[in-house]
Amino acid sequence: MPELPEVERFRRVARGCAGRIVRRAAAADRGLLKGTSAAAFARRLKGARIGTASRHGKQLLIALSGAGCLAMHFGTNGSLQLLDADEPEPRYVRLSLAFADGRRLAYLNPRRIGTVELAKDARSFIAARGLGPDALDRRFDRKAMAAILAQRKRDVKSILMDQELVAGIGNLYSDEILFQARLHPQTPGDALDRQQIARLLAATKRVLKTAITCGAGSEQGLERLPREFLLRERRRGGHCPRCGGTVATLKSGGRTSYYCPTCQKRR
DNA sequence: TTAAGTGTTGCTCT
DNA sequence: AAGAGCAACACTTA
C-alpha cells in the first residue's frame with residue numbers, strides 16, 4: 001500500500017510534529033534499523049527537534065535539527081501515526097518518538113519489511129539511493145517521461161515501477177495509471193508514440209494527485225476514490241469501470257497486474 | 001489444517 | 001539489459 005500517495009499522507013502526519021522535541025525514543029531491536037543498534041539509534045534521537053518533513057517517491061525524510069535526518073521506508077504495509085497521550089500503544093510499533101505532552105509519533109510496520117535510518121540530509125540520501133525524480137515533481141514532465149521510455153524494450157509497467165527512473169509508483173498505482181492511459185501493462189517502453197506518452201504522463205499526475213486528495217492509506221481511502229478508478233475493482237471478478245467487462249490479471253516478476261483486456265489492448 | 005497470496009526492495013543467476 | 005526466483009516478515013484468504 002505505501003506508494004507515493006500514502007507516504008504523502010504520512011508526511012502530513014509528520015509535519016504536524018514540527019518543532020517538537022523528542023523526550024523519549026524507543027526503537028525495536030531487530031529488522032528495520034540500518035547502520036546502528038536500537039539503543040544507539042534511540043540515544044541519537046533523544047533531544048532532537050523535529051524539523052521539516054519531506055518526501056521523495058516512497059521515502060519519507062524527517063529533518064532533525066542538528067542531528068541529520070530520519071529516513072523512513074514503509075515497505076509493504078508500514079504506516080506513521082500520531083498517537084494521543086492517552087492512546088494505548090498499537091501493535092507493531094517499531095519506532096516511537098514521545099513528546100513532552102505525551103503524544104507519540106509512531107512508525108508501525110507489521111511485516112518488518114521496510115527501513116528506518118539516519119542520514120545526513122534528504123538531498124544526499126536521495127542521491128545515494130540513486131532515486132529518480134519524484135513522480136509529482138514538475139521536472140518529471142513529458143520530456144522526462146519520454147526519456148525513461150525511449151530505447152527500453154522493458155514493459156512500460158516495470159519502467160513506471162523502477163524507482164531509479166521515476167520514484168513513487170508501485171504495483172497498485174502503476175496498474176491504475178496504465179488503465180487510465182489505456183495502455184496494456186506489457187507494452188514495450190520504446191513502442192509508445194507521442195500521444196500515448198502524453199496520455200501516460202497526464203494519467204500519472206492525475207492518478208497520484210487524486211489518490212492524495214481522497215486520503216489514500218486512510219481507512220476510507222479506497223471507497224473515496226472516483227468510480228472510474230480501477231483500484232476499486234482490483235480483485236478477482238472485478239469489473240472494468242469503463243466497459244463493464246471482467247478485469248484480467250497477469251503475473252510478471254512475482255507481481256500481479258490487474259487490467260481491462262478490452263480497454264487496454266496490446267498494440 | 002495447511003498452503004498460497006500479498007502493497008517493497010535487493011540480491012543472485014541466467 | 002532485463003527477466004526470474006527468492007528472501008525478508010506477519011498476516012489473510014482459499
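Note that the structure is a prediction, hence the values are computed from the model and not measured. Lettering of chains follows the sequences in order, A, B, ..., and the numbering in each one begins at 1.
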Distance in angstrom units between [X] [atom1] and [N] [atom2], rounded:
{"X": "A:Asp190", "N": "C:dA1", "atom1": "CG", "atom2": "P", "answer": "14 Å"}
{"X": "A:Asn109", "N": "C:dA10", "atom1": "CG", "atom2": "P", "answer": "10 Å"}
{"X": "A:Phe74", "N": "C:dA8", "atom1": "CZ", "atom2": "C1'", "answer": "18 Å"}
{"X": "A:Lys157", "N": "C:dG3", "atom1": "NZ", "atom2": "P", "answer": "13 Å"}
{"X": "A:Leu149", "N": "C:dA2", "atom1": "CG", "atom2": "P", "answer": "12 Å"}
{"X": "A:Asp155", "N": "C:dA2", "atom1": "CG", "atom2": "P", "answer": "10 Å"}
{"X": "A:Asp175", "N": "B:dT6", "atom1": "CG", "atom2": "P", "answer": "12 Å"}

Could you write out each protein N or O paired with an N or O of nucleotides 4-7 of chain C at a distance under 3.5 Å?
unit_1, atom_1, unit_2, atom_2, d
C:dA4, OP2, A:Gly253, N, 3.0

Given 3.5 Å as the limit, does a donor-acceptor pair link the side chain of [X] with the main chain of [Y], or not?
{"X": "A:Gln186", "Y": "A:Asp155", "result": "no"}
{"X": "A:Arg123", "Y": "A:Lys120", "result": "no"}
{"X": "A:Arg152", "Y": "A:Ile148", "result": "yes"}

NA contact type, [X], heavy-atom cut-off 4.0 Å: base, sugar-phosphate, or nothing?
{"X": "A:Ile113", "value": "base"}
{"X": "A:Arg235", "value": "nothing"}
{"X": "A:Thr115", "value": "nothing"}

Expressed as a whole number of Å, how far does the [atom1] atom of [N] sit from that of [M]?
{"N": "C:dA2", "M": "B:dG7", "atom1": "P", "answer": "24 Å"}
{"N": "C:dC6", "M": "B:dA4", "atom1": "C1'", "answer": "15 Å"}
{"N": "C:dT12", "M": "B:dT9", "atom1": "C1'", "answer": "22 Å"}
{"N": "C:dA8", "M": "B:dT1", "atom1": "P", "answer": "26 Å"}

- Item | Chi angles and distances behind the ring pair (Phe, Tyr, Trp, His ring centres under 6.0 Å) call for A:Tyr107, A:Phe74 | CA-CA 9 Å; A:Tyr107 170 91; A:Phe74 297 89; 5.4 Å; yes
- Most 5' of A:Arg111 and A:Lys153 on DNA chain C, judged by nearest nucleotide: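 In this pair, the answer is A:Lys153.
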Any side-chain N or O of [X] less than 4.0 Å from the OP1 or OP2 oxygen of [N]?
{"X": "A:Asn77", "N": "B:dG7", "answer": "no"}
{"X": "A:Arg236", "N": "C:dT13", "answer": "no"}
{"X": "A:Thr76", "N": "C:dC9", "answer": "no"}

- Item | A:Asp175 versus A:Tyr173, side-chain donor and acceptor atoms under 3.5 Å |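 There is no such pair between these side chains.
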- Do the side-chain N and O atoms of A:Arg206 and A:Thr210 include a donor-acceptor pair separated by under 3.5 angstrom? no
- Which residues share a salt bridge (Lys or Arg N to Asp or Glu O under 4.0 Å) with A:Arg139, sequence neighbours left out: A:Asp137
- Output the distance between atom NZ (A:Lys153) and atom CG (A:Asp190), rounded to the nearest 0.5 Å. 4.0 Å
- Message: I want to verify a distance call: between C:dG3, B:dG7, B:dT6, whose nearest atom is closest to the A:Arg154 side chain?
- Response: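 The nucleotide sitting nearest to the side chain is C:dG3.
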- Item | Within 6.0 Å of CZ in A:Arg227, more than 12 heavy atoms from elsewhere | no
- For the rings on A:Phe179 and A:Tyr259, is their centre-to-centre separation under 6.0 Å?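 For A:Phe179 and A:Tyr259, the ring centres are not under 6.0 Å apart.
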- Item | Base-contact (B) and sugar-phosphate-only (S) positions in nucleotides 9-14 of chain B, heavy-atom cut-off under 4.0 Å, - elsewhere | B-----
- Lys/Arg N to Asp/Glu carboxylate O, A:Glu3 vs A:Arg55, below 4.0 Å: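 Here A:Glu3 does not pair with A:Arg55 in a salt bridge, since their nearest N and O are not under 4.0 Å apart.
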- What dot-bracket string describes DNA chain C from 5' to 3', counting Watson-Crick and G-U wobble pairs whose defining distances are under 3.5 Å, with [ ] for crossing pairs and | for pairs to another strand? .|||||||.|||||
Ignoring hydrogens and angles, write down the donor-acceptor pairs under 3.5 Å from the side chains of residues 12-20 of chain A, residues two or more places apart or on other chains.
unit_1, atom_1, unit_2, atom_2, d
A:Arg12, NE, A:Glu8, OE2, 2.9
A:Arg12, NH2, A:Glu8, OE2, 3.1
A:Arg20, NH1, A:Asp101, OD2, 2.8

- Task: Mind jotting down which residue pairs meet the side chain to side chain donor-acceptor pair (under 3.5 Å) criterion with at least one end in residues 240-254 of chain A? Sequence neighbours excluded, please.
- Result: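 Residue pairs passing side chain to side chain donor-acceptor pair (under 3.5 Å), neighbours aside: A:Lys251-A:Thr256.
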